[in-house]
Asks: 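Structure provided below as structure tokens; questions to follow.
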Amino acid sequence: MYSEIVAHTLSASELLSRNPKGIILSGGPKSVYADAAPRVDPQIYTSGIPILGICYGAQLLAQELGGEVVRTGHGEFGRTEMFLAEGAERSVLVSERPQASQVWMSHSDSIVRPPDGAVVTASTSEVPVAAFEDPKHKVYGVQFHPEVVHTSRGQEVLEAFLTGPCACRPSWTHTSIIETAVGDVRNQVGGAKVLCALSGGVDSAVAATLVHKAVGDQLVCVFVDNGLMRHGEGDQVEETFRSQFHIELVHVKAAERFFKVLEGVTDPEDKRKAIGETFIRVFEEVAAQVDDAGFLVQGTLYPDIIESGTRDASRIKSHHNVGGLPEDMQFKLVEPLRLLFKDEVRAVGEELGLPPEMVWRQPFPGPGLAVRIVGEVTPERVEILRKADVIVIEEVRRAGLYRELWQSFAVLPAVRAVGVMGDERTYAYPIVIRAVTSDDAMTADWARLPYDLLERMSTRIINEVPGINRVAYDITSKPPGTIEWE
Ligand code: XMP
């Protein structure tokens, strides 16, 4: 089912002009009694469109529609047992549940009286109103979080709301996403040429393939090989796009140019900037040679759009990716993945026939292996890291853990250590293995890899990668560490 996330400040008329079949008010960290507690345009309540409030959203409904929310002094956090109340048998949201079930709670205030006209359908030992419903006015509220995996059967609650009162049908399939995107791109672009910078990653690959489906030969893809890619990545891009999809591909082999600007650069931010700027220069040169290119494809995803509207975070690292081209390039942007989340992008990629290695590739940073080499980035050091990286990935795949891990890779620090190999003293670099689990890269945990897997990686790296005499495993989560070393 298609959904959009909008700010609570949207007016009722703006909201209704989008023709929603249902509205979900999300949870939030504030108390409904706090100064500047988020509210919605009150006309939304009387619009006749079904509304489901979750946690804070449910409290807001209670407060605004004649119920009562109080500060009880004791909240509920985490796993909680919920019991159905009398009246639950006629419930839309919870009637299919067992008498008691597990839900996930996270709140301090509590609803003590539901909105006027609503009946209480569930409670917990701490709160009398864990769920309420007013079918006549199509107002529903749950104090628990149906959207988290720890709420058993939480998905069913959402599904009941959407297919019941909202009368939505699950028609937002990957095929329909593709058809819609293809139609939109055709309308937008007309007969002009379209450029797309490929990175080897899933977003730009899916975006390019979609645009190609829409406008065929009008698309020209540009792949800048900066010499900082992993083993075989350039070949894979060429094989997939040029040979399999017959997409016009300009493969720029610019490694030397990148190594030149990286000479003597050791500061992580300077490295990132040097790589980002060189990428832009190279791309501009290629673009200038493509006659009447008026559009540029970007693999922007829905979370990027949400975040850019709300985020006020400090800069941890200057990110560079193929989307990071300057605005003064005078292109109009084509963003066929604007409405999609990562899992949808992957599903679309599979549907379009992209190779699984590309669709399921673990994220790889725009500045490539350079941000995994502490100190100066030279062709020799990149080669050492590339060899170690192949081993890490091969062994992770062999252990069946590749898709389970958010990322797994090797890092080359700038320190050296003493060792002994073949009765000889060595003084060489270590390799640090980094493997993390994460949902969105904002936070991450170091992966508890099996010891025998770590041992295999260590032995192979020492035996097969000249210049390495020691292997360490990074056991830092994020925070305090970041996923990449630079
Ligand atoms: P950190 O190291 O900040 O990384 O924890 C979070 C995620 O972002 C990836 N990353 C990048 N991706 N351009 C990108 O497209 C970049 O410049 C960049 N730097 C880091 C990193 O691999 C991790 O998945």
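Every value quoted in this text rests on a predicted model; they were computed, and no experiment measured them. Counting convention: from 1, in listed order, for ligands and their atoms alike.
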Asks: Under 4.0 Å from a heavy atom of A441: give me the atoms of ligand 1 that qualify, with their elements.
Replies: 6 (C), 7 (C)

Asks: So among I391, I384, N469, which one has a side chain to side chain contact (heavy atoms under 4.5 Å, CB included) with I461?
Replies: I391

Asks: In this structure, does ligand 1 have an atom that sits under 4.0 Å from one of the heavy atoms of W406?
Replies: yes

Asks: Taking only residues two or more places apart in sequence, or in another chain, which ones meet R397 in a salt bridge (charged side-chain N to carboxylate O under 4.0 Å, His left out)?
Replies: none

Asks: Check whether any N or O atom of G366, backbone or side chain, sits under 3.5 Å from an N or O atom of ligand 1, and answer yes or no.
Replies: yes

Asks: Distance-only, no hydrogens or angles: does the R434 side chain make a donor-acceptor pair with backbone N or O of I483 under 3.5 Å?
Replies: yes

Asks: Any sub-3.5 Å donor-acceptor pair from E14's side-chain atoms to S11's backbone N or O?
Replies: yes

Asks: Output side-chain donor-acceptor pairs under 3.5 Å for residues 345-357, partner residues at least two apart or in another chain, one line each.
Replies:
unit_1: R346; atom_1: NE; unit_2: V359; atom_2: O; d: 2.7
unit_1: R346; atom_1: NH2; unit_2: R361; atom_2: O; d: 3.3
unit_1: E350; atom_1: OE2; unit_2: W360; atom_2: NE1; d: 2.9
unit_1: E351; atom_1: OE2; unit_2: T175; atom_2: OG1; d: 3.0
unit_1: E357; atom_1: OE1; unit_2: Q236; atom_2: NE2; d: 3.2

Asks: At a 4.0 Å threshold, what atoms of ligand 1 neighbour a non-hydrogen atom of P367?
Replies: 16 (C), 17 (O)

Asks: What do you reckon, does K478 have a nitrogen or oxygen under 3.5 Å from a nitrogen or oxygen of ligand 1?
Replies: yes

Asks: Between K30 (side chain) and D35 (backbone), is there a donor-acceptor pair under 3.5 Å?
Replies: no

Asks: For ligand 1, which atoms, with element, lie under 4.0 Å from some heavy atom of P365?
Replies: 10 (N), 11 (C), 12 (N), 14 (C), 18 (C), 19 (N), 20 (C), 22 (O)

Asks: Looking at ligand 1, does R272 have a heavy atom less than 4.0 Å from it?
Replies: yes

Asks: Does an N or O from P363, backbone or side chain, lie closer than 3.5 Å to an N or O of ligand 1?
Replies: no

